[in-house]
Amino acid sequence: MAKHKMRVAILFGGRSAEHDVSRASAANVLRALDPDRYEATAIGITRDGRWIVVPAGNGAGTGSGALTIPDDGPRLALLPGGQGRALALEGHGVQELPAFDVVFPVLHGPNGEDGTVQGALELSDVAYVGSRVMGSAAAMDKDFAKRLMREAGLPVVPCVVVSAAAPITYDAAVGALGSQEVFVKPANMGSSVGVSKARTAAEFDDCCRSAFRFDSKILVELCIAPIREVECSVLEDAEGRVRASELGEIVPSDKHGFYSYDAKYLDAEGALLRVPADVKPAIADQIRELAIRTFAVLGCEGMARIDFFLHGEQAYINEANTLPGFTNISMYPRLWEASGLPQPALMDVLIGHAMARQQRLRKLAFDRD
């Protein structure tokens with residue numbers, strides 16, 4: 001009798017400026033899934049929000065650098081309350097697919113990492129990898145994340161929050177932060193999309209225009225120098241045990257100045273990644289403790305990558321990524337490999353956590369009797 005394989009739906013793409021990063025991450029997740037244990041189906045979300053079933057021969061092969069989404073493929077709809085049941089719509093025909101046991105969202109940025117897709121999966125009553133709605137939304141919005149972390153006494157970089165309806169001048173930002181050099185970034189975006197540095201009023205206006213392209217709320221953040229960019233991966237297992245990985249350090253090349261989108265994904269020599277990071281043991285332990293505390297304060301579950309600025313021996317939490325990158329250069333899986341957990345085993349832990357959590361949630365009462 002053939003052994004039952006767990007059916008895994010890999011969600012990727014999405015309505016986000018990080019669409020292409022997601023496609024590359026999904027290819028690596030597909031490669032890391034043990035084919036003897038899992039039957040994977042790739043589901044691409046187009047830039048206009050359609051969910052498309054991706055055939056195995058259309059960019060989903062294990063040798064692909066990024067999965068592709070055919071524009072004319074069957075559209076997919078998860079059934080509310082269906083416990084993983086889904087319908088594929090093609091032309092005028094509708095076909096029910098075998099139910100998915102678990103969904104693995106490999107989505108970065110808005111409309112995927114911010115609680116929206118997580119809400120849809122909750123309503124579908126299907127297990128899924130990563131944080132639930134609250135943890136996803138809290139971590140995605142840098143404004144609210146900083147508020148929660150400050151309330152918990154965690155060290156964060158000072159910032160001013162600006163909306164499109166209430167802009168701020170460069171002089172006002174400098175006065176509030178006490179520095180003529182500031183970073184401007186969208187409140188809800190990742191992969192350094194829309195992030196830039198300003199040293200003059202003209203640069204500041206350009207930076208704000210760039211950030212407002214991606215969000216209606218932006219952060220103007222104090223520029224602390226010199227800093228080192230250090231990252232830590234956090235993982236929760238099926239029993240709820242949370243652990244932190246070895247640290248990694250990102251050293252951007254001088255031509256980029258900071259770890260920009262171009263340095264991450266477009267320039268092969270844009271940054272040097274050091275794994276493990278060359279950090280004093282006592283400071284490394286402190287950063288790992290801060291990573292686990294941040295994970296708890298923001299309500300994260302399953303996984304997160306916590307990014308830090310290290311100024312001398314003072315660590316500041318930059319942000320938490322609840323669906324971190326899984327590309328071939330991404331820190332999250334690399335840090336776990338450096339900590340003794342290869343990617344196939346990492347997939348097992350993440351899926352195991354998702355399945356165990358769903359079993360616990362289904363035991364909760366939904367009526368008063």
Asks: Are any non-hydrogen side-chain atoms of Leu76 and Arg50 less than 4.5 angstrom apart?
Replies: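 SC-SC contact between Leu76 and Arg50 ruled out.
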Asks: Can you give me the closest heavy-atom contact between Leu148 and Ala138, atom names plus distance?
Replies: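 What the structure gives for the nearest pair is CD1-CB, 3.9 Å.
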Asks: Please tell me if the side chains of Arg243 and Val234 come closer than 4.5 Å, counting only heavy atoms from C-beta onward.
Replies: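 The answer is no; the side chains never approach within 4.5 Å.
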Asks: So, do Ile283 and Leu310 sit near enough that their side-chain heavy atoms are less than 4.5 Å apart?
Replies: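 A side-chain contact under 4.5 Å exists here.
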Asks: Can you measure from CD1 (Ile306) to OG (Ser233) and round to the nearest 0.5 angstrom?
Replies: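 Those atoms lie 9.0 Å apart.
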Asks: Verify the ring-centre separation between Tyr170 and Phe204: is it less than 6.0 angstrom?
Replies: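 Ring-ring flag for Phe204/Tyr170: true, centres closer than 6.0 Å.
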Asks: Between Thr327 and Ala24 (side chain of the first, backbone of the second, donor and acceptor by atom type, cut-off under 3.5 Å), is there such a pair?
Replies: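 Here the side-chain-to-backbone pair does not exist.
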Asks: To check you understand the geometry: which heavy-atom pair defines the closest contact between Ser22 and Gly13, and what is its length?
Replies: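 It is OG-N, 2.7 Å.
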Asks: Between Asp307 and Asn321, do the side chains contain an N or O donor and an N or O acceptor separated by less than 3.5 Å?
Replies: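 Per modelled atom types, Asp307 and Asn321 side chains form a pair under 3.5 Å.
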Asks: When hydrophobic residues are tied together by side-chain contacts of less than 4.5 Å, even through go-betweens, does Val106 share a cluster with Met355?
Replies: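 They do share one cluster, since a chain of ILVMFWY contacts under 4.5 Å joins Val106 to Met355.
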Asks: Any salt bridge between Arg274 and Asp278, counting N to O under 4.0 Å?
Replies: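 Looking at Arg274 and Asp278, the cut-off is not met.
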Asks: Are Val230 and Trp336 linked, directly or through other ILVMFWY residues, by side chains that come within less than 4.5 angstrom of each other?
Replies: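 No, Val230 does not connect to Trp336 through the hydrophobic network.
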Asks: Give the minimum heavy-atom separation between Met303 and Phe295, together with the two atoms involved.
Replies: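 In terms of heavy atoms, the two residues are closest at C-CE1, 3.7 Å.
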Asks: Contact between His19 and Ile69 at the side-chain level, heavy atoms closer than 4.5 Å - yes or no?
Replies: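 In short, these two side chains touch, coming nearer than 4.5 Å.
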Asks: For Arg228, look at atom CZ and say whether over 12 heavy atoms of other residues, nucleotides or ligands are found less than 6.0 Å away.
Replies: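 More than 12 heavy atoms, drawn from other residues, nucleotides or ligands, come within 6.0 Å of this atom.
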Asks: For side chain to side chain contact (heavy atoms under 4.5 Å, CB included), just list the numbers for Lys185 and Val193, CA-CA rounded to whole Å, side-chain angles, deciding distance to a tenth of an Å, and then say yes or no.
Replies: CA-CA 8 Å; Lys185 57 182 71 173; Val193 173; over 6 Å; no
Asks: Hey, does the side chain of Gln118 reach the backbone of Ser136 with a donor-acceptor pair shorter than 3.5 angstrom?
Replies: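 Not a single qualifying donor-acceptor pair exists.
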Asks: State, to 0.1 Å, how close Ala173 and Val220 come at their nearest heavy-atom pair, and which atoms those are.
Replies: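 Shortest heavy-atom contact: CB-CG1, 4.0 Å.
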Asks: Is the centre of the Phe326 ring less than 6.0 Å from the centre of the Tyr332 ring?
Replies: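 Yes - the distance between ring centres of Phe326 and Tyr332 falls below the 6.0 Å cut-off.
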Asks: Mind checking what makes salt bridge (charged side-chain N to carboxylate O under 4.0 Å, His left out) contact with Arg15, not counting sequence neighbours?
Replies: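 So Arg15 forms no salt bridge (charged side-chain N to carboxylate O under 4.0 Å, His left out) with any residue.
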Asks: Thr322 and Ala139: which non-hydrogen atoms are nearest, and at how many Å?
Replies: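 That would be CG2-CB, 3.6 Å.
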Asks: In terms of side-chain heavy atoms, does Gln343 have a donor or acceptor partner in Asn28 at a distance below 3.5 Å?
Replies: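 There is no such pair (donor and acceptor under 3.5 Å, judged by atom type) between the side chains of Gln343 and Asn28.
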Asks: Distance alone, cut at 3.5 Å: any donor-acceptor contact between the side chains of Tyr38 and Asp348?
Replies: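 Yes, side-chain donor-acceptor contact under 3.5 Å.
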Asks: Between the side chains of Glu313 and Lys280, is the shortest nitrogen-to-carboxylate-oxygen separation below 4.0 Å, so that they form an ion pair?
Replies: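 Looking at Lys280 and Glu313, the cut-off is met.
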Asks: Is there a donor-acceptor pair under 3.5 Å between the side chain of Glu289 and the backbone N or O of Asp285?
Replies: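 Not at all, since once roles are kept as given, no pair shorter than 3.5 Å links the two residues.
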Asks: Show your working on side chain to side chain donor-acceptor pair (under 3.5 Å) between Thr46 and Asp48 and close with a plain yes or no.
Replies: CA-CA 5 Å; Thr46 64; Asp48 61 3; 2.3 Å; yes
Asks: Leu235 versus Asp237: any side-chain heavy-atom pair under 4.5 Å?
Replies: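 A side-chain contact under 4.5 Å is absent here.
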Asks: For Ser25 and His108, test the side chains for any donor-to-acceptor distance below 3.5 angstrom and give the result as yes or no.
Replies: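 Yes, His108 and Ser25 have a side-chain donor paired with an acceptor closer than 3.5 Å.
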Asks: Suppose the criterion is salt bridge (Lys or Arg N to Asp or Glu O under 4.0 Å): which pairs have a residue in residues 90-104, not counting sequence neighbours?
Replies: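 As it turns out, the salt bridge (Lys or Arg N to Asp or Glu O under 4.0 Å) pairs with a partner in residues 90-104, which skip direct neighbours, are Arg85-Glu96.
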Asks: Counting C-beta onward and ignoring hydrogens, is there a side-chain heavy-atom pair between Glu221 and Pro158 closer than 4.5 Å?
Replies: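 Side-chain contact under 4.5 Å: no.
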Asks: Just by distance, do the side chain of Ser339 and the backbone of Ser245 share a donor-acceptor pair under 3.5 Å?
Replies: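 Checked: no pair found.
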Asks: Can we say Arg334 and Glu246 salt-bridge, meaning some charged N sits less than 4.0 Å from an Asp/Glu carboxylate O?
Replies: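 No.
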Asks: Decide whether Leu30 and Met6 are clustered together by the hydrophobic rule: side chain heavy atoms of Ile, Leu, Val, Met, Phe, Trp, Tyr closer than 4.5 Å, transitively.
Replies: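 Yes, one cluster joins them.
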Asks: Any side-chain heavy-atom pair from Arg7 and Pro98 closer than 4.5 angstrom?
Replies: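 Contact flag for Arg7/Pro98 side chains = yes.
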Asks: Would a hydrophobic clustering, with Ile, Leu, Val, Met, Phe, Trp and Tyr connected at side-chain separations under 4.5 Å, put Leu78 with Ile43?
Replies: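 Yes; tracing contacts between hydrophobic side chains, which count when under 4.5 Å, links both residues.
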Asks: Say whether, by atom type as modelled, one donor and one acceptor occur between the side chain of Lys146 and the main chain of Asn318 under 3.5 angstrom.
Replies: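 Looks like no, no N/O pair under 3.5 Å.
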Asks: Are Leu97 and Tyr128 in one and the same hydrophobic cluster, where Ile, Leu, Val, Met, Phe, Trp and Tyr link if side-chain heavy atoms are under 4.5 Å apart?
Replies: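 Yes, Leu97 connects to Tyr128 through the hydrophobic network.
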Asks: Count the heavy atoms belonging to other residues, nucleotides or ligands that lie under 6.0 Å from CZ of Arg213, then report whether that count exceeds 12.
Replies: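 Counting neighbours around CZ of Arg213, 12 or fewer heavy atoms of other residues, nucleotides or ligands fall under 6.0 Å, so no.
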Asks: Roughly how far apart are Leu290 CG and Arg293 CZ, rounded to 0.5 Å?
Replies: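 Leu290 atom CG to Arg293 atom CZ measures 6.0 Å (nearest 0.5 Å).
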Asks: Assess whether a salt bridge exists between Glu236 and Arg241, defined as any Lys/Arg side-chain N lying under 4.0 Å from an Asp/Glu carboxylate O.
Replies: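 Not counted as a salt bridge, because no side-chain N and carboxylate O are separated by less than 4.0 Å.
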Asks: If you apply the rule side chain to side chain contact (heavy atoms under 4.5 Å, CB included), what do you find for Ile52 with Arg75, and how did you get there?
Replies: CA-CA 5 Å; Ile52 305 292; Arg75 298 178 66 171; 3.7 Å; yes
Asks: Mark yes or no for whether Lys5, through its side chain, and Pro35, through its backbone, hold a donor-acceptor pair below 3.5 Å.
Replies: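 Yes.
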Asks: Is the number of heavy atoms from other residues, nucleotides or ligands within 6.0 Å of CD (Gln180) greater than 12?
Replies: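 Incorrect, the count does not exceed 12.
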Asks: Can a donor-acceptor pair be found between the side chains of Thr116 and Asp114 at a distance below 3.5 Å?
Replies: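 Per modelled atom types, Thr116 and Asp114 side chains form a pair under 3.5 Å.
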Asks: Is the backbone of Glu181 close enough, under 3.5 Å, to the side chain of Ser179 for a donor and an acceptor to pair up by distance?
Replies: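 Flag set: sc Ser179 to bb Glu181 pair under 3.5 Å.
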Asks: Please report the interatomic distance CZ(Arg150) to SG(Cys159), rounded to the nearest 0.5 Å.
Replies: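 SG of Cys159 is found 5.5 Å from CZ of Arg150.
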Asks: Nearest 0.5 Å, please: how far is CG in Leu341 from CG in Leu346?
Replies: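 Those atoms lie 5.5 Å apart.
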Asks: Do the non-hydrogen side-chain atoms of Ser16 and Leu107 ever get within less than 4.5 Å of each other?
Replies: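 Not touching, per the 4.5 Å side-chain cut-off.
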Asks: Rounded at 0.5 Å granularity, tell me how far CD1 in Ile218 sits from SG in Cys207.
Replies: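 The CD1 atom of Ile218 sits 9.0 Å away from the SG atom of Cys207.
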Asks: Between Asp215 and Met189, does the side chain to side chain contact (heavy atoms under 4.5 Å, CB included) criterion hold? Intermediate values first, please.
Replies: CA-CA 8 Å; Asp215 201 352; Met189 189 56 68; over 6 Å; no
Asks: Count the heavy atoms belonging to other residues, nucleotides or ligands that lie under 6.0 Å from CD of Glu239, then report whether that count exceeds 12.
Replies: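 It does: Glu239 CD has more than 12 such atoms within range.
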Asks: For His311 and Tyr316: C-alpha separation, side-chain torsions, deciding distance, then whether side chain to side chain contact (heavy atoms under 4.5 Å, CB included) applies.
Replies: CA-CA 8 Å; His311 178 61; Tyr316 296 93; 4.1 Å; yes
Asks: Mind listing the closest non-hydrogen atom pair of Ile227 and Ile224 along with its distance?
Replies: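 The pair with the smallest heavy-atom distance is CG2-O, 3.0 Å.
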